[in-house]
Amino acid sequence: MSTNKLEDAKKAAAYRAVDENINFDEHRVIGIGSGSTVVYVAERLGQYLKDEKYHDRVAQFVCIPTGFQSKKLILDNGLQLSTVEQHPIIDIAFDGADEVDKNMQLIKGGGGCLFQEKLVSTSAKTFIIVADHTKKSPEYLGTMWKKGVPIEVVPSAYVRVCNDLENKLSATKTILRECIGGKAGPVVTDNNHFIVDAHFGDLSNPEELHTKIKLLVGVVETGLFIDNASKVYFGKADGTVEVMKK
Ligand SMILES: O=C[C@H](O)[C@H](O)[C@H](O)COP(=O)(O)O
């Protein structure tokens, strides 16, 4: 699919997700995730802010970011920025995903934001995923996303975590994520952690794997988002959107 078509698909998913799920009278605290698709969620909210019919209500929204990129998205679109410390209960959150399986379990963290994304998404009463259709798994997680399960780790523990993932949890390969261009060395998350990408092949039981990884010393959070999403919007190349819900 051409880059333009892919962008159209992301935009279609994000716009429809906002249009169908924001309740302008009831919602006030909005989580804004990270990645290239959620850019269009912030853009859509910015459009509503400029619309005089919605302006007063959207101006009252406080937006909770999942990292530096989303903080900037919120500000660039004229929206009000706040923190999860000030608003530990979020009315609705929007975010992207790297892969979504048939049970709406997710792999996230391809862009390196997973801990803060999980904090925001699990603090939200409703969590909406926006994605292009290439993120939809035919069956198991690990089918479309081949870069491994992202795991956020305490820097000093990364060797120990990699060893445990391979020796105790049978990961076939673990990779400390490196920066590509700009800086030599590992990716450092917004919370000053490292990311390990762990390969397990197809994930037939992501819930169990998530629980086992979380128990390893040095693991902060996994990129497996279990029973978290309320709905998923998949944009397609022809501009249509498929909605998945339970
Ligand atoms: O760490 C990054 C996040 O989990 C993103 O939401 C995820 O990688 C999807 O990003 P995109 O919308 O760019 O595909």
Side-chain angles (χ1 to χ4, degrees), residues 1 3-18 30-44 63-74 90 92-101 104-124 127-137 141-153 175-180 186-198 206 210 220-226 228-237 241 244:
M1 188 167 36
T3 313
N4 281 348
K5 288 266 178 220
L6 194 65
E7 287 307 308
D8 289 348
K10 292 177 187 190
K11 188 173 181 169
Y15 276 31
R16 184 150 157 211
V18 171
I30 319 290
I32 302 289
S34 334
S36 57
T37 316
V38 88
V39 167
Y40 297 109
V41 167
E43 180 178 285
R44 190 62 164 164
C63 296
I64 314 299
T66 55
F68 183 85
Q69 181 226 358
S70 78
K71 195 187 281 186
K72 197 161 176 308
L73 275 181
I74 291 165
I90 296 171
I92 185 165
F94 298 86
D95 207 342
D98 298 306
E99 190 171 1
V100 181
D101 78 5
M104 285 175 30
Q105 314 294 30
L106 318 170
I107 294 181
K108 287 183 54 53
C113 291
L114 59 117
F115 165 72
Q116 221 163 308
E117 289 186 335
K118 199 168 275 187
L119 178 62
V120 168
S121 65
T122 56
S123 302
F127 180 42
I128 307 291
I129 292 294
V130 291
D132 65 78
H133 68 97
T134 63
K135 309 296 182 65
K136 186 177 176 185
S137 180
L141 292 177
T143 314
M144 306 301 288
W145 180 255
K146 294 288 187 193
K147 295 181 185 170
V149 176
I151 303 167
E152 191 158 342
V153 302
I175 300 167
L176 175 66
R177 199 182 296 177
E178 298 277 339
C179 294
I180 301 167
V187 167
V188 178
T189 70
D190 288 330
N191 296 288
N192 296 315
H193 298 129
F194 288 174
I195 302 268
V196 168
D197 292 299
H210 163 74
V220 176
E221 195 45 81
T222 88
L224 295 169
F225 283 50
I226 305 300
N228 192 186
S230 313
K231 279 188 212 171
V232 182
Y233 286 73
F234 293 107
K236 298 188 191 169
V241 177
M244 188 191 256

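In each ligand, atom 1 is the first atom listed, and ligand 1 is the first ligand listed. The structure displayed is predicted, hence computed values, not measured ones.
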Checklist entry - Side chain of Glu117, backbone of Gly33: donor and acceptor closer than 3.5 Å? => result no
Next on the checklist: Both conditions, 6.0 Å and 45 degrees, for the charged tip of Lys118 above the ring of Phe225: are they met here?
Outcome noted: yes
Starting from the N and O atoms of ligand 1, collect every protein N/O partner closer than 3.5 Å and put each pair on its own line with the distance to 0.1 Å.
unit_1: ligand 1; atom_1: 1 (O); unit_2: Gly111; atom_2: N; d: 2.9
unit_1: ligand 1; atom_1: 1 (O); unit_2: Gly112; atom_2: N; d: 3.0
unit_1: ligand 1; atom_1: 1 (O); unit_2: Cys113; atom_2: N; d: 3.1
unit_1: ligand 1; atom_1: 4 (O); unit_2: Lys108; atom_2: NZ; d: 3.0
unit_1: ligand 1; atom_1: 4 (O); unit_2: Gly109; atom_2: N; d: 2.8
unit_1: ligand 1; atom_1: 4 (O); unit_2: Glu117; atom_2: OE1; d: 2.7
unit_1: ligand 1; atom_1: 4 (O); unit_2: Glu117; atom_2: OE2; d: 3.3
unit_1: ligand 1; atom_1: 6 (O); unit_2: Ser34; atom_2: O; d: 2.7
unit_1: ligand 1; atom_1: 6 (O); unit_2: Asp95; atom_2: OD1; d: 3.3
unit_1: ligand 1; atom_1: 6 (O); unit_2: Lys108; atom_2: NZ; d: 3.0
unit_1: ligand 1; atom_1: 8 (O); unit_2: Asp98; atom_2: OD1; d: 2.7
unit_1: ligand 1; atom_1: 8 (O); unit_2: Asp98; atom_2: OD2; d: 3.2
unit_1: ligand 1; atom_1: 12 (O); unit_2: Ser36; atom_2: N; d: 3.4
unit_1: ligand 1; atom_1: 12 (O); unit_2: Thr37; atom_2: N; d: 3.1
unit_1: ligand 1; atom_1: 12 (O); unit_2: Thr37; atom_2: OG1; d: 2.6
unit_1: ligand 1; atom_1: 13 (O); unit_2: Ser36; atom_2: N; d: 2.7
unit_1: ligand 1; atom_1: 13 (O); unit_2: Ser36; atom_2: OG; d: 2.4
unit_1: ligand 1; atom_1: 14 (O); unit_2: Lys135; atom_2: NZ; d: 2.5

Checklist outcome for this item: Applying side-chain contact (heavy atoms from CB on, under 4.5 Å) to Lys71 and not counting sequence neighbours gives Pro65, Leu81
Next on the checklist: Run the ring pair (Phe, Tyr, Trp, His ring centres under 6.0 Å) test against Phe194 and tell me which residues pass, sequence neighbours left out.
Outcome noted: Tyr158
Next on the checklist: If only side-chain N and O atoms count, and only distance matters, is there a donor-acceptor pair under 3.5 Å linking Asn191 with Thr189?
Outcome noted: no
Checklist entry - If you look only at pairs with a residue in residues 143-153, which of them pass as a salt bridge (Lys or Arg N to Asp or Glu O under 4.0 Å), with sequence neighbours excluded? => result none
